[in-house]
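Notes to accompany the following structure.
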Amino acid sequence: MTSKWENTFDLIKVNGTIEDVNPAMLSHIAMAAFKNGKPKIGFEFLEELANSNSIDGRITLYNIYLDYYLLNKKKELNNAIHKIFHFWEKHDVVPVAPVINKFVDVCKEAGWEGHHVRISNDGQCSHCQNYLSPITYKTNFNKLSKTVINDIIIGDDIFQKTSPKELNNFKSFIRKFKPFDIVIDGLNVTLSKTQILNFIIKRFTIEGKKVLIITRQHQYKSNKWKFNQDNFYVYFLKNNTQDDPFILYATLSSGNNSKFVSIDRMRQHHHKLKKFNLHKDFIRWQFGHQYTWHFDDLIKKHILVDPVSYNSFAQVKNGHWHIPYKDSMKALHRPAETWVCLRCPNE
């Protein structure tokens, strides 16, 4: 807040490294840099904020960034907007609504074309009619799968989730019967307020999918499991076993075409994967492989929500920027449903 703001860098070196600085402080340093005409330094701290996964809701920081160019470097405004959009694209940032609304207003004042749009199930923009890019990973699927299975699902202390014997039995079962097309979180489904298991099973058996339901032993005697469909398997875990690691294991072990059905957002696994720098790839995989459901009060029917087939983060197609945004600061555990389409003049 003073002319001595750059002394911060020396204090960081004395006290440790930039990785030790909390996100709020990083944000204030970046704001000071933009206020004092040092955008290069400001962007260095934006990168650090992105690495700490604390960038999407920094409303004041984005406002100061835009104000710097609006007041001092208006000729460079379009390039500055593109730079932020590429930054969001690089780091899978989904900004909050006040941030994207500010950018839309500034873009329109600068002559851009801007619209709030819908993205169809197959990834088509309702305004420009371009299709969003398909989902890709920044690492390969095999590396992602191996890391999730070995370091997250199994981990250092197997007794926190299951027992070695139960895990080995399950792994033998998977090796014998995989690949599965669909893995269903049986406990998750049957704990829902409305019984939808039969609805889900019917959908996939009609399609000829090979289905695995993972549930708990206490549900063994329930009539829910008396099925006679082909390609239908049920695996019963002990009642105190954590089931979501087994659901992920079965799905990942079945290959990149296998998908799972659950309303569990797997938040704990996102956090653990940060140290492997794979949490963003895991979220991309999850968006493209997880079915969820809800009950539509209007039509009085269950709706199974398919995974998305397109990249659910910022991207540019044929000169049109497509930016997703969210209503709160909370982390997204499903693809954003709200988007803007922006096009720079003369592009």
Taken to the nearest 0.5 Å, the spacing of Thr205 OG1 from Ile200 CD1 works out to 11.5 Å
For Val183 versus Ser258, what's the shortest heavy-atom pair and its separation?
CG2-OG, 4.4 Å
Taking 4.0 angstrom as the limit, do Glu109 and Lys74 come out as a salt bridge?
no
Could you tell me whether Asp10 and Lys4 make a salt bridge, using a distance below 4.0 angstrom between a side-chain N and a carboxylate O?
no
Does Leu342 belong to the same Ile/Leu/Val/Met/Phe/Trp/Tyr cluster as Tyr131, with side-chain heavy atoms less than 4.5 Å apart forming each link?
no
Could you pull out the closest heavy-atom pair between Arg58 and Ser27, with the gap in Å?
CD-OG, 3.6 Å
Taking it one step at a time, do Glu47 and His91 satisfy side chain to side chain contact (heavy atoms under 4.5 Å, CB included)?
CA-CA 9 Å; Glu47 292 281 348; His91 292 288; 2.7 Å; yes
For residues Asp122 and Tyr310, determine if any side-chain heavy atom of one lies less than 4.5 Å from a side-chain heavy atom of the other.
no
Please confirm whether the backbone N or O of Lys38 pairs with a side-chain atom of Asn36, one donor and one acceptor, at under 3.5 Å?
no
Going by heavy atoms in the side chains, are Lys83 and Asn79 under 4.5 Å from each other?
no
Candidates His115, His322, His116 - the one meeting side-chain contact (heavy atoms from CB on, under 4.5 Å) with Val340:
His116
Is the shortest side-chain heavy-atom distance between Ile84 and Phe43 below 4.5 Å?
yes
Output the distance between atom OG1 (Thr8) and atom CD1 (Ile29), rounded to the nearest 0.5 Å.
5.0 Å
Heavy atoms only: give me the nearest Pro324-Ser312 pair and the separation to one decimal.
CG-O, 3.5 Å
Show the nearest heavy-atom pair for residues Gln286 and Asp264, with the distance to one decimal.
NE2-O, 4.2 Å
Would you indicate whether the side-chain heavy atoms of Leu132 and Trp339 approach each other to under 4.5 Å?
yes
Checking the side chain of Gln315 only, and the main-chain atoms of Ser133 only, is there a donor and an acceptor separated by less than 3.5 Å?
yes
Crowded around Asn121 CG? As in, over 12 foreign heavy atoms under 6.0 Å?
no
Taking the six-membered ring for Trp, are Phe34 and Tyr62 closer than 6.0 Å centroid to centroid?
no
Taking the side chain as every heavy atom from C-beta outward, state whether His86 and Trp321 have any atom pair closer than 4.5 Å.
yes
Do the non-hydrogen side-chain atoms of His289 and Pro307 ever get within less than 4.5 Å of each other?
no
Ring centroids only, cut at 6.0 angstrom: are Tyr235 and Phe170 within range, meaning strictly under it?
yes
Tyr69: ring-ring contact (aromatic ring centres under 6.0 Å, His included) partners, not counting sequence neighbours:
Tyr65
So does Asp92 pair up with Arg284, basic N to acidic O under 4.0 Å?
yes
Looking at every non-hydrogen atom in both residues, tell me the closest pair between Thr292 and Leu304 and how far apart they are.
O-CD1, 3.4 Å
Thr338 side chain to Tyr325 main-chain N or O, any donor-acceptor pair under 3.5 Å?
yes
Which heavy-atom pair separates Ile119 from Cys125 by the least distance, and what is that distance?
CD1-CA, 3.8 Å
Step through it carefully: locate the ring centre of Trp112, locate the ring centre of His82, and say whether they are under 6.0 Å apart.
yes
Any heavy-atom pair between the side chains of Phe180 and Thr251 that's under 4.5 Å?
no
Check whether any side-chain heavy atom of Lys210 sits under 4.5 Å from a side-chain heavy atom of Lys178, and report yes or no.
no
Can you tell me if CG on Asn257 sees more than 12 non-hydrogen neighbours from other groups inside 6.0 Å?
no
Go through Trp88 and Phe103 one step at a time and tell me if the ring-ring contact (aromatic ring centres under 6.0 Å, His included) criterion holds.
CA-CA 13 Å; Trp88 290 344; Phe103 271 88; 5.2 Å; yes
Side chain to side chain contact (heavy atoms under 4.5 Å, CB included) for Leu61 and Phe45? Distances and angles first, verdict last.
CA-CA 11 Å; Leu61 174 53; Phe45 282 90; over 6 Å; no
Tell me whether Ile135 is reachable from Phe260 by hopping between hydrophobic residues (I, L, V, M, F, W, Y) whose side-chain heavy atoms are closer than 4.5 Å.
yes
Main chain of Asp306, side chain of Lys259: is a donor-acceptor contact present, judged purely on distance under 3.5 Å?
no
Return the OG1 to CG distance between Thr147 and Leu278, rounded to the nearest 0.5 Å.
5.0 Å
OG1-CG distance between Thr2 and Asn7, expressed to the nearest 0.5 angstrom:
7.5 Å
With rounding to the nearest 0.5 angstrom, report the NZ to CG distance, Lys35 to Asn72.
13.0 Å
Side chain to side chain contact (heavy atoms under 4.5 Å, CB included) between Phe9 and Ile41, intermediate numbers included
CA-CA 11 Å; Phe9 310 139; Ile41 293 175; 3.7 Å; yes
In Å and rounded to the nearest 0.5 Å, what is the CZ to OH distance from Phe173 to Tyr233?
7.5 Å
For the pair Glu207 and Arg203, find out whether any cationic side-chain nitrogen is under 4.0 Å from an anionic carboxylate oxygen.
yes
Within the supplied structure, the quantity of interest is the number of heavy atoms (other residues, nucleotides, ligands) at a distance under 6.0 Å from Lys317 NZ; does it exceed 12?
yes
Could you go through Lys102 and Asp67, starting from their C-alpha distance and side-chain angles, then the distance that decides it, and tell me whether this counts as side chain to side chain contact (heavy atoms under 4.5 Å, CB included)?
CA-CA 11 Å; Lys102 175 76 171 180; Asp67 288 344; 4.2 Å; yes
